[in-house]
Amino acid sequence: MKKVRVNASSAYDVIIGKGLLSSLAEYVLEAVGKAKLCIVTDDNVDALYSAAAVKSLKAAGFEVEKFVIAHGEASKNTANLISLLEFLAERRFTRSDVMIALGGGVVGDLCGFAAGVYLRGIRFIQVPTTLLAAVDSSVGGKTAVDLAAGKNLAGVFHQPSLVLCDIKTLDTLEDSVFADGCAEVIKYAIINDREMFGRLQGGIRENVEDVIADCVKHKADIVALDEFDRGTRQLLNLGHTVGHAIEALSNFDISHGSAVAIGTVIVTKIAVSMGICNTEDQVAITSLLHSVGLPTDCPYSAPELIRIATADKKREGDSITLILPNGIGNCRPQKIAVSELEGYISKGL
Ligand code: GLY
């Protein structure tokens with residue numbers, strides 16, 4: 001078992017280990033004490049893991065409610081947010097009660113947003129069941145729902161009280177869903193850990209507990225420096241500005257991880273074209289992404305991509321910041337005028 005402390009505005013532990021779900025109640029009790037609990041999950045995860053979670057919690061005397069959404073990105077919407085808030089209010093949840101996000105990024109983001117605004121904020125716990133949620137979305141307090149105009153356009157920063165990652169839940173992930181998380185794993189190594197990149201070349205599934213702990217340590221360091229995403233944290237957007245455009249253009253048929261993988265290759269090629277990254281690193285990045293089952297070729301043109309990317313929430317006036325690798329293990333933010341973006345993206349295709 002591994003434990004990583006996140007020192008954000010409120011500090012909390014990320015606990016990673018095998019078979020933790022059956023002892024959920026112990027960890028909940030230690031983190032938040034006795035409270036009424038609302039588990040938020042999706043229909044897929046509900047069928048697999050709710051029973052174990054509820055059994056542990058009820059055996060310890062917790063009162064437990066459950067709110068189940070349909071799986072998939074389309075559920076991360078304002079209608080589900082309002083239904084969840086009404087659900088909590090109808091059941092008289094109070095400020096001392098606690099929500100539990102049991103699932104992947106969609107469940108975590110929706111539950112965290114509801115916890116952040118219900119009664120102006122109640123506590124919540126993240127129990128990620130996908131690799132992507134374990135290494136990225138469950139840690140750091142970003143919560144959101146999507147709006148018609150784009151992904152994650154409404155949300156609040158709200159830190160969880162605990163993140164409990166049972167790596168056994170990753171065993172049931174389809175290969176493509178596991179690969180999605182690998183895109184975020186590889187991201188951390190490109191941002192600031194060349195040695196980790198080397199270890200990842202030796203396999204991710206085989207070493208998943210260590211891999212998750214490495215990623216969470218990197219994320220915890222970044223969140224401690226810049227919880228509210230005003231500077232350093234933007235490094236975590238490596239591949240994401242272009243990636244979000246790819247996801248949107250595909251109507252979300254291309255998954256987040258696949259889109260981030262393609263976006264990462266594009267920004268790396270841009271960095272090579274600018275002379276700030278060498279070709280060997282670009283080849284190594286592309287081949288590691290490819291080896292875990294992620295796509296690396298972009299099906300869209302530069303004009304299509306910039307039409308969406310310029311509406312990204314990261315845009316600041318007439319410029320947009322792309323994260324570019326100087327090489328594996330080191331990245332830099334690069335402010336680019338919106339008028340020049342198409343030229344840059346063309347170099348990455
Ligand atoms: N997923 C990027 C971040 O948490 O900042």
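No experiment lies behind these values; they were computed from the predicted model shown. Whatever order the structure lists ligands and atoms in, that order sets their numbers, starting from 1.
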> Is the closest N or O pair between Lys187 and ligand 1 shorter than 3.5 Å?
Replying inline: no

> Should Asp136 be listed as contacting ligand 1, given a heavy-atom distance under 4.0 Å as the test?
Replying inline: yes

>> Determine whether a donor-acceptor pair (N or O, by modelled atom type, separation under 3.5 Å) exists between the side chain of Ser319 and the backbone of Ile336.
In response: no

> Should you measure from each heavy atom of Leu236, which atoms of ligand 1 turn up under 4.0 Å away?
Replying inline: 2 (C), 3 (C), 5 (O)

> Taking only residues at least two apart or on different chains, which pairs with a member in residues 106-125 satisfy salt bridge (Lys or Arg N to Asp or Glu O under 4.0 Å)?
Replying inline: Lys76-Asp109

> Any side-chain donor paired with an acceptor under 3.5 Å for Thr321 and Gln334?
Replying inline: no

> Which ring-ring contact (aromatic ring centres under 6.0 Å, His included) pairs, counting each pair once, include a residue from residues 183-232, with sequence neighbours left out?
Replying inline: Phe157-Phe228

>> Any atom of ligand 1 sitting under 4.0 Å from a heavy atom of Lys219?
In response: yes

